[in-house]
Amino acid sequence: MAVTTADLILEDGTGLTTPTTYITLANANEYHRIRGSEVWNEASDDDKVVALIRATQYVDERWAFQSVIYNRNKATDTPIGPQVLQFPRGTLYDRNGIDVKQTVPIEIKDATCEYALEVLGDGTALKDLSSTPDQTEPKSITYLREKVGSLESETRYDSGRGLRIRKSFPVADRIILRSGFTTGSEGSVIR
């Protein structure tokens with residue numbers, strides 16, 4: 001069964017139990033329109049929905065955020081059940097000291113849009129974003145010896161410390177990091 005726009009359920013800042021995204025398709029379309037993203041503008045709505053859902057999941061899996069999830073009804077201040085996404089948070093201030101608790105901050109929405117664009121890739125096929133470290137890149141070289149006479153070569157990699165590099169998405173990552181919402185931790189990432 002194909003994913004459609006009906007599968008895009010917005011987290012409205014109340015700590016819902018069934019949301020799939022931090023931003024509406026219309027708002028994501030506007031975000032990318034004003035930035036001139038041809039790949040986004042040419043993609044089908046169904047592909048955009050998949051991209052937003054995957055991007056939201058990636059934000060939640062990759063980053064560790066300050067505070068705890070909100071999980072309460074704003075109007076009655078009563079628990080509403082298990083909150084699925086990482087936002088809203090119970091107590092949270094942006095880097096300028098503005099109270100953004102019980103909301104999905106604009107920085108999270110913007111980063112979701114940027115990660116969604118990464119899911120679309122070059123527009124030919126949807127990509128998965130993985131929050132696990134990228135093992136396709138070789139580990140750091142700790143020793144390199146080459147010998148010209150009789151062509152001898154020796155390379156040693158840093159495998160003792162388990163160095164793992166997570167794939168970087170510079171624009172989206174920078175939005176998250178500059179927001180001030182992270183705990184400074186994102187798993188075993190070494191930068």
Side-chain angles (χ1 to χ4, degrees), residues 8-37 39-41 48-120 127 129-134 165-191:
L8 204 60
I9 303 167
L10 179 67
E11 170 54 65
D12 63 3
T14 61
L16 300 174
T17 59
T18 60
T20 57
T21 186
Y22 287 126
I23 189 164
T24 65
L25 181 56
N27 287 343
N29 285 340
E30 181 61 14
Y31 177 92
H32 288 293
R33 184 193 69 77
I34 64 175
R35 288 164 178 79
S37 173
V39 171
W40 184 268
N41 294 330
K48 291 176 185 178
V49 167
V50 170
L52 288 171
I53 291 170
R54 287 183 186 177
T56 298
Q57 180 181 8
Y58 183 76
V59 167
D60 281 3
E61 289 176 357
R62 175 163 179 194
W63 300 99
F65 296 104
Q66 296 177 16
S67 185
V68 295
I69 59 175
Y70 180 59
N71 198 24
R72 299 185 75 74
N73 181 305
K74 281 184 181 180
T76 64
D77 197 34
T78 57
I80 59 170
Q83 179 176 323
V84 175
L85 300 179
Q86 290 298 311
F87 285 88
R89 307 297 285 180
T91 303
L92 192 64
Y93 297 88
D94 70 10
R95 65 187 181 147
N96 297 314
I98 297 170
D99 185 351
V100 292
K101 68 182 175 198
Q102 302 171 22
T103 68
V104 176
I106 189 67
E107 295 89 348
I108 298 303
K109 293 176 183 181
D110 289 353
T112 301
C113 288
E114 292 293 340
Y115 287 126
L117 186 60
E118 294 291 339
V119 171
L120 292 179
K127 299 187 322 187
L129 302 182
S130 174
S131 61
T132 58
D134 185 359
I165 305 299
R166 189 177 316 277
K167 185 167 181 171
S168 175
F169 303 105
V171 175
D173 293 351
R174 189 171 36 254
I175 291 169
I176 295 282
L177 290 170
R178 291 188 69 210
S179 72
F181 302 143
T182 64
T183 62
S185 171
E186 53 173 316
S188 60
V189 175
I190 297 174
R191 292 186 177 265

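Nothing fancy with the numbering, it's 1 onward along the sequence. What you see below is based on every heavy atom in this structure, not just the backbone, and it leaves out hydrogens, waters and symmetry mates.
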[atom1]-[atom2] distance between [X] and [Y], expressed to the nearest 0.5 angstrom:
| X | Y | atom1 | atom2 | value |
| --- | --- | --- | --- | --- |
| Gln102 | Thr91 | CD | OG1 | 8.5 Å |
| Lys109 | Ile175 | NZ | CD1 | 13.5 Å |
| Thr24 | Leu10 | OG1 | CG | 6.5 Å |
| Thr112 | Gln57 | OG1 | CD | 12.0 Å |
| Leu52 | Leu117 | CG | CG | 10.5 Å |

So [Y] and [X], do their side chains get closer than 4.5 Å, heavy atoms only?
| X | Y | result |
| --- | --- | --- |
| Gln86 | Ile69 | yes |
| Thr103 | Tyr70 | no |
| Asp94 | Asp99 | no |
| Leu129 | Glu118 | yes |

Candidate pair Arg178 and Arg95, rule side chain to side chain contact (heavy atoms under 4.5 Å, CB included), full reasoning = CA-CA 8 Å; Arg178 291 188 69 210; Arg95 65 187 181 147; 2.9 Å; yes
Using a 3.5 Å distance criterion without hydrogens, assess whether the side chain of [X] forms a donor-acceptor pair with backbone atoms of [Y].
| X | Y | result |
| --- | --- | --- |
| Asp60 | Leu85 | no |
| Arg33 | Trp40 | no |
| Arg89 | Phe65 | yes |
| Gln66 | Leu92 | no |
| Asn96 | Ile98 | no |

What is the minimum heavy-atom distance between [X] and [Y], and which atoms define it?
| X | Y | value |
| --- | --- | --- |
| Gln83 | Pro88 | NE2-O, 2.9 Å |
| Cys113 | Ile23 | SG-CD1, 3.5 Å |
| Val119 | Ala55 | CG2-N, 4.5 Å |
| Thr14 | Asp12 | OG1-OD1, 2.5 Å |
| Thr182 | Ile176 | CG2-CG2, 3.5 Å |
| Ser67 | Gly90 | OG-N, 3.6 Å |

Sole candidate of Phe181, Tyr93, Phe87 that passes side-chain contact (heavy atoms from CB on, under 4.5 Å) when paired with Val100 |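 By the side-chain contact (heavy atoms from CB on, under 4.5 Å) criterion, Val100 pairs with just one of Phe181, Tyr93, Phe87: Phe181.
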Please list, chain by chain and in numerical order, all residues satisfying ring pair (Phe, Tyr, Trp, His ring centres under 6.0 Å) with Phe169, sequence neighbours excluded.
->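 Partners of Phe169 under the ring pair (Phe, Tyr, Trp, His ring centres under 6.0 Å) test: Tyr58, Tyr115.
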Thr17: what forms a side chain to side chain contact (heavy atoms under 4.5 Å, CB included) with it, not counting sequence neighbours?
->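 Once residues adjacent in sequence are excluded, the partners of Thr17 under the side chain to side chain contact (heavy atoms under 4.5 Å, CB included) criterion are Pro82.
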Please test Leu8 against Lys48 for side chain to side chain contact (heavy atoms under 4.5 Å, CB included), starting from the C-alpha separation and ending with a verdict.
-> CA-CA 10 Å; Leu8 204 60; Lys48 291 176 185 178; over 6 Å; no
After noting the C-alpha distance and the side-chain angles of Asn27 and Tyr22, does the key distance pass the side chain to side chain contact (heavy atoms under 4.5 Å, CB included) rule?
-> CA-CA 10 Å; Asn27 287 343; Tyr22 287 126; over 6 Å; no
Could you go step by step and tell me if Arg35 and Glu114 meet the side chain to side chain contact (heavy atoms under 4.5 Å, CB included) rule?
-> CA-CA 11 Å; Arg35 288 164 178 79; Glu114 292 293 340; 4.3 Å; yes
